[in-house]
Number of protein chains: 2
Amino acid sequence: MELAAAKLKFIEAWGKLGSEWGINRTMAQVHALLLISPEALTTEDIMESLSISRGNANMTLRDLIGWGLIEKQHKAGERKEYFFADKDVWNIARQVAKERKKRELEPVLKILNELSTVAGDEKDPEFKTFKKSVTDINKLANNVDKTLETMLKAEENWFWSSILKVFK
Amino acid sequence: MELAAAKLKFIEAWGKLGSEWGINRTMAQVHALLLISPEALTTEDIMESLSISRGNANMTLRDLIGWGLIEKQHKAGERKEYFFADKDVWNIARQVAKERKKRELEPVLKILNELSTVAGDEKDPEFKTFKKSVTDINKLANNVDKTLETMLKAEENWFWSSILKVFK
DNA sequence: TTAAACTTTCAAAACTTATTGAAACTTTAT
DNA sequence: ATAAAGTTTCAATAAGTTTTGAAAGTTTAA
């Protein structure tokens, strides 16, 4: 396979994966483009490579900075802003895990805790079923939360060797 | 908090979480409703509880069956079909993990393997950067795949106690 | 201070996805 | 065989999301 074709395929696949995970396609594609680019790129470069408008490129770049996945770079003597992506895939995974934990898991944990306080008649099947589901989900969510917490602090090699050793 | 209010809140929260995870809101809500319902429900019950149309209810129920999250139930002497959800939260988590692995992770692994075969000049920064990203993502994805594989086979208590023990 | 270079914003348009509702279809009981 | 009960389909529509592009804003150099 040719490098040029492989790049296109990679960008496309990353975009698709992103959209299945609630990250918009363009954002994932811009990230992919920067990830495989050895040099920092300008807004213009990105607009051209992906055939997107200036407005779209600008918003997307801002979002990616907000997710901690890319950074601005200033080149001495140049007006233009350049963007580059952290190339360390473990950092990327941690950064995404951190953001999703904050944006999604934590609000859910908060609600589950509230819902655990519901009072009712232990003889009522409606109450019992509700309580059991909420309690069980709460436990699961807490375990996920603790595991993510560990992941955020961990070195890649240590993390996987620990997990895979136990499970092999 | 009142049981009735708590139920509504749970259904709403589950729906929101679903939509953040690429599962449509209605599907997540129907699942939530069945999860906290001690009895199997009819299409009518669901339509009414969630104020959705017959067509939508029918499609959503079919999708949930496709995900292995709910089942049809026949009551002796009744024409109507009833639906109920597996109440075991670990089973649900496994089922979701299994489907997403199949639908999302496996296609990505396939593409990554194709992309790893790309040939090029080791001195070319374009090539080196591309190759490194693809290789690193491939490794990460394989580790996730193995971990999920273990999870699919595991008992809940064993799984979490193994993970949390190592990480404490 | 001015104007060129560049960035940001946001309302409108394009696109995508979800939902409705009525018609077609299937099953069952008589 | 028929009609009642129930289920499924799908074209039309609604709702939601993303993208555009032009105007407004900002920064820099001369």
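Proteins come first, then strands; the chains are lettered A, B, ... in the order of their sequence lines, and each starts at number 1.
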- Query: Between the side chains of Trp90(B) and Glu155(B), does any donor sit under 3.5 Å from an acceptor?
  - Reply: no
- Message: Any heavy-atom pair between the side chains of Leu112(B) and Asn142(B) that's under 4.5 Å?
- Response: no
- Query: When all nucleic acid strands are considered with a 4.0 Å heavy-atom cut-off, which category describes Thr60(A): base, sugar-phosphate, or nothing?
  - Reply: nothing
- With side chain to side chain donor-acceptor pair (under 3.5 Å) as the test, would you mind laying out the steps for Thr43(A) and Asn58(A) before giving the verdict? CA-CA 7 Å; Thr43(A) 303; Asn58(A) 182 265; 5.7 Å; no
- Starting from C1' on dT8(D), measure out to CZ on Phe83(B) and report it in whole angstrom. 11 Å
- Item | Among dT20(D), dT7(C), dT8(D), the one nearest Asn58(B) by side-chain distance | dT8(D)
- Message: Please confirm whether the shortest side-chain N or O distance from Arg62(B) to OP1 or OP2 of dT9(D) is below 4.0 Å.
- Response: yes
- Got a donor-acceptor contact below 3.5 angstrom from the Lys75(B) side chain to the Gln73(B) backbone? no
- Query: Given atom CG of Leu61(A) and atom C1' of dT19(D), what is their separation to the nearest angstrom?
  - Reply: 14 Å
I'd like a table of atom pairs between the protein and nucleotides 24-30 of chain D - only N or O on both sides, under 3.5 Å - with the distance next to each one.
{"from": "dT27(D)", "atom 1": "O2", "to": "Arg79(A)", "atom 2": "NH2", "distance (Å)": "3.0"}

- Item | Leu61(A) CG to Leu34(A) CG distance, which is reported to the nearest 0.5 Å | 7.0 Å
- Compare side-chain N and O positions of Thr26(A) against OP1 and OP2 of dT19(D) and report whether any pair is under 4.0 Å apart. yes
- Query: Could you give the CD1-to-P distance, from Ile65(B) to dT8(D), as a whole number of Å?
  - Reply: 8 Å
- Are a donor atom and an acceptor atom from the side chains of Thr42(B) and Asp45(B) found within less than 3.5 Å of each other? yes
- Assign each of Gly55(A) and Glu44(B) to its nearest nucleotide of DNA chain D by heavy atoms, then name whichever residue's nucleotide is nearer the 5' end. Glu44(B)
- Note on the structure: From NE2 of His74(B) across to C1' of dA5(D) the rounded distance in Å is 14 Å
- Where the side chain of Asn24(A) is defined as all heavy atoms beyond and including C-beta, which of dT7(D), dT8(C), dT18(D) is the nearest nucleotide? dT18(D)
- Query: So, is Thr43(A) near the phosphate of dC6(C), with a side-chain N or O under 4.0 Å from OP1 or OP2?
  - Reply: no
- Residue whose nearest DNA chain C nucleotide is more 5′ - Met59(B) or Asn56(A): Asn56(A)
- Query: Is Glu114(A) salt-bridged to Lys9(B), going by a charged N under 4.0 Å from an acidic O?
  - Reply: yes
- Glu81(B) CD to dT8(D) C1', straight-line distance once rounded to whole Å: 11 Å
- Spacing of Ile46(A) atom CD1 relative to dC6(C) atom P, expressed in whole Å: 15 Å
- Item | Spacing of Gln29(A) atom CD relative to dT19(D) atom P, expressed in whole Å | 9 Å
- Task: Figure out the CG/C1' separation between Leu41(A) and dT7(C), and round it to whole Å.
- Result: 17 Å
- Return the nearest nucleotide to the side chain of Arg25(B); candidates are dT19(D), dT19(C), dT7(C). dT19(C)
